[in-house]
Protein chains: 2
Amino acid sequence: MEDNTARFEKLLVKNGLKRTAPRLQVLEILSGRDSATSQPYLEQVMGKDADRVTLYRVLQAFEEKGIIHKVLDQQGTANYAICSDGCSAHEHHDEHVHFNCDNCHKIYCLDTVKIPALKVPAGFKVDRLNLIATGLCASCSDKVN
Amino acid sequence: MEDNTARFEKLLVKNGLKRTAPRLQVLEILSGRDSATSQPYLEQVMGKDADRVTLYRVLQAFEEKGIIHKVLDQQGTANYAICSDGCSAHEHHDEHVHFNCDNCHKIYCLDTVKIPALKVPAGFKVDRLNLIATGLCASCSDKVN
DNA sequence: ATTATATTTGCAACATAATTGCATTAAAAT
DNA sequence: ATTTTAATGCAATTATGTTGCAAATATAAT
Ligand SMILES: [Mn+2]
Ligand SMILES: [Mn+2]
Ligand SMILES: [Zn+2]
Ligand SMILES: [Zn+2]
């Protein structure tokens, strides 16, 4: 497997973003997790390595460039995950289902589960769909049973 | 059509809630709108008729009793709408699609559009589904064309 | 009608998430 | 090495939501 840092540096350059410590750190954290990561968690992990404001700006830049996508959980907290498919500055392709676990509160990107097309009342023009399923994740439903 | 205030008073009593001015006012506002109403808007309209905290508590009580349901829009803002079907303190039945207009930012409860059942990976146990469609509402797509 | 009770409200204080302006710093281009 | 441009840090501010507690009020009991 290719060196992470080198890969991230390429990613930044490709998107016209400068190679800075806070940005590399955010990419490092996000890529090392199996579920979406909340802003509060990121803030806590980064600690004083970067200012709060910087974190917000890094996340915003990444989202605009199509590097990450934002998912709001049921409490309205922002969570971020690296985009898997070919998202770009001009268009996100993250129309997969998100699963929010009631127990561990993780948000999983269910990349394999596509959102079914929808029939809406006349006049409404659907641009994007956002489906959040809530319940117990595989790991938590295991433990309960 | 029956007098609104009388109807609301019954609703409160039925749910073991006292008939108070802020509660009646919230019901009055919500029932007079064709789309979900944001907390900030409610706060603004109520002005100094009720304290911010009271508004939050009224909304919370209504939600718990199944009188209203909460929808978060794409910005994470809380929006509230009166429950149409038989929601109760023990269970909400609001699994309809919500439509968030990019132009007027209104959130419509599409009561007629049910969320299709979902096939999730093994182990995941779905409890609730929340589908938000974003785009242009009928009224706004009219104006654009 | 008066009193007792349980609930609801308002206020103050606090917590957290997010944004803005601006001076400083640092990355990349020349 | 110097210039240019982008990004960061800091301070201040706004918005959203919560908690504890005393005062007020709706309703039930007398
Ligand atoms: Mn995702
Ligand atoms: Mn609804
Ligand atoms: Zn879980
Ligand atoms: Zn609209």
Side-chain angles (χ1 to χ4, degrees), chain A residues 5-6 8-29 36-65 67-68 70-80 89 105 107, chain B residues 5-6 8-28 36-65 67-80 89 105 107:
Chain A
T5 310
F8 296 151
E9 288 179 0
K10 271 188 214 162
L11 185 61
L12 292 176
V13 171
K14 191 182 77 177
N15 284 284
L17 298 172
K18 288 182 176 171
R19 190 213 67 120
T20 68
R23 284 171 178 169
L24 289 171
Q25 199 180 350
V26 168
L27 290 174
E28 197 65 55
I29 296 170
T37 305
S38 72
Q39 187 282 329
Y41 178 85
L42 278 167
E43 189 174 326
Q44 181 207 306
V45 170
M46 312 247 320
K48 60 178 219 52
D49 293 348
D51 189 83
R52 277 170 48 73
V53 179
T54 299
L55 174 57
Y56 278 109
R57 289 195 273 228
V58 166
L59 293 171
Q60 191 185 299
F62 284 1
E63 200 187 355
E64 278 169 13
K65 298 296 184 178
I67 297 173
I68 63 176
K70 168 158 61 171
V71 199
L72 300 178
D73 66 20
Q74 300 302 44
Q75 290 79 49
T77 305
N79 285 254
Y80 298 89
H105 300 112
I107 295 190
Chain B
T5 309
F8 296 151
E9 289 180 0
K10 271 188 213 164
L11 185 61
L12 292 177
V13 171
K14 190 181 78 177
N15 285 284
L17 298 172
K18 287 182 175 172
R19 190 213 68 119
T20 68
R23 284 172 178 168
L24 289 171
Q25 198 181 350
V26 168
L27 290 175
E28 196 66 55
T37 305
S38 73
Q39 186 283 328
Y41 177 85
L42 277 168
E43 189 173 324
Q44 181 207 305
V45 170
M46 313 247 319
K48 62 179 217 53
D49 291 349
D51 189 81
R52 278 170 43 72
V53 179
T54 299
L55 173 57
Y56 279 108
R57 289 196 272 228
V58 166
L59 293 171
Q60 192 185 299
F62 283 2
E63 199 187 356
E64 279 169 13
K65 297 297 186 177
I67 297 174
I68 63 176
H69 61 280
K70 167 157 63 170
V71 199
L72 300 179
D73 66 20
Q74 300 303 41
Q75 290 79 47
T77 305
N79 285 255
Y80 297 89
H105 301 111
I107 296 189

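Letters A, B, ... mirror the listed sequences (proteins, then strands); counts begin at 1.
- Between the side chain of B/Arg57 and the base of D/dG17, no donor-acceptor pair of N or O atoms lies under 3.5 Å.
- Listed for the B/Asp51 side chain is a donor-acceptor partner under 3.5 Å among the backbone atoms of B/Val53.
- Straight-line distance from the OH atom of A/Tyr56 to the P atom of D/dC10: 17 Å, rounded to whole Å.
- Across all strands, B/Ala50 comes closer than 4.0 Å only to sugar-phosphate atoms, never to a base (heavy-atom distances).
- Between A/Pro40 and A/Ala78, the shortest heavy-atom contact is CD-O, 4.5 Å.
- Residues B/Arg19 and B/Leu24 have side chains in contact (heavy-atom distance under 4.5 Å, counting atoms from C-beta outward).
- Closest contact between the side chain of B/Gln39 and the listed nucleotides D/dT8, D/dG17, D/dC10 involves D/dG17.
- Applying a 4.0 Å cut-off to non-hydrogen atoms, the residues of residues 17-28 of chain B that approach DNA chain D are B/Lys18, B/Arg19, listed by residue number.
- In the set C/dA12, C/dT9, C/dT20, the nucleotide with an atom closest to the side chain of A/Val53 is C/dT20.
- Rounded to an integer number of Å, the gap from NZ of A/Lys14 to P of C/dA28 is 17 Å.
- For the side chain to side chain contact (heavy atoms under 4.5 Å, CB included) test, residues two or more places apart in sequence or in another chain that qualify with A/Glu64 are A/Gln60.
- Using a 4.0 Å heavy-atom distance criterion, A/Glu43 is classed as making no nucleic acid contact.
- For the pair B/Arg23 (side chain) and B/Lys18 (backbone), a donor-acceptor distance under 3.5 Å is present.
- Side chain of B/Asp73 to backbone of B/Val71: no donor-acceptor contact under 3.5 angstrom is found.
- In this structure, the nucleotide among C/dA17, D/dT19, D/dC10 sitting nearest to the side chain of A/Pro40 is C/dA17.
- One N or O donor and one acceptor, one from the side chain of B/Arg52 and one from the base of D/dG17, sit under 3.5 Å apart.
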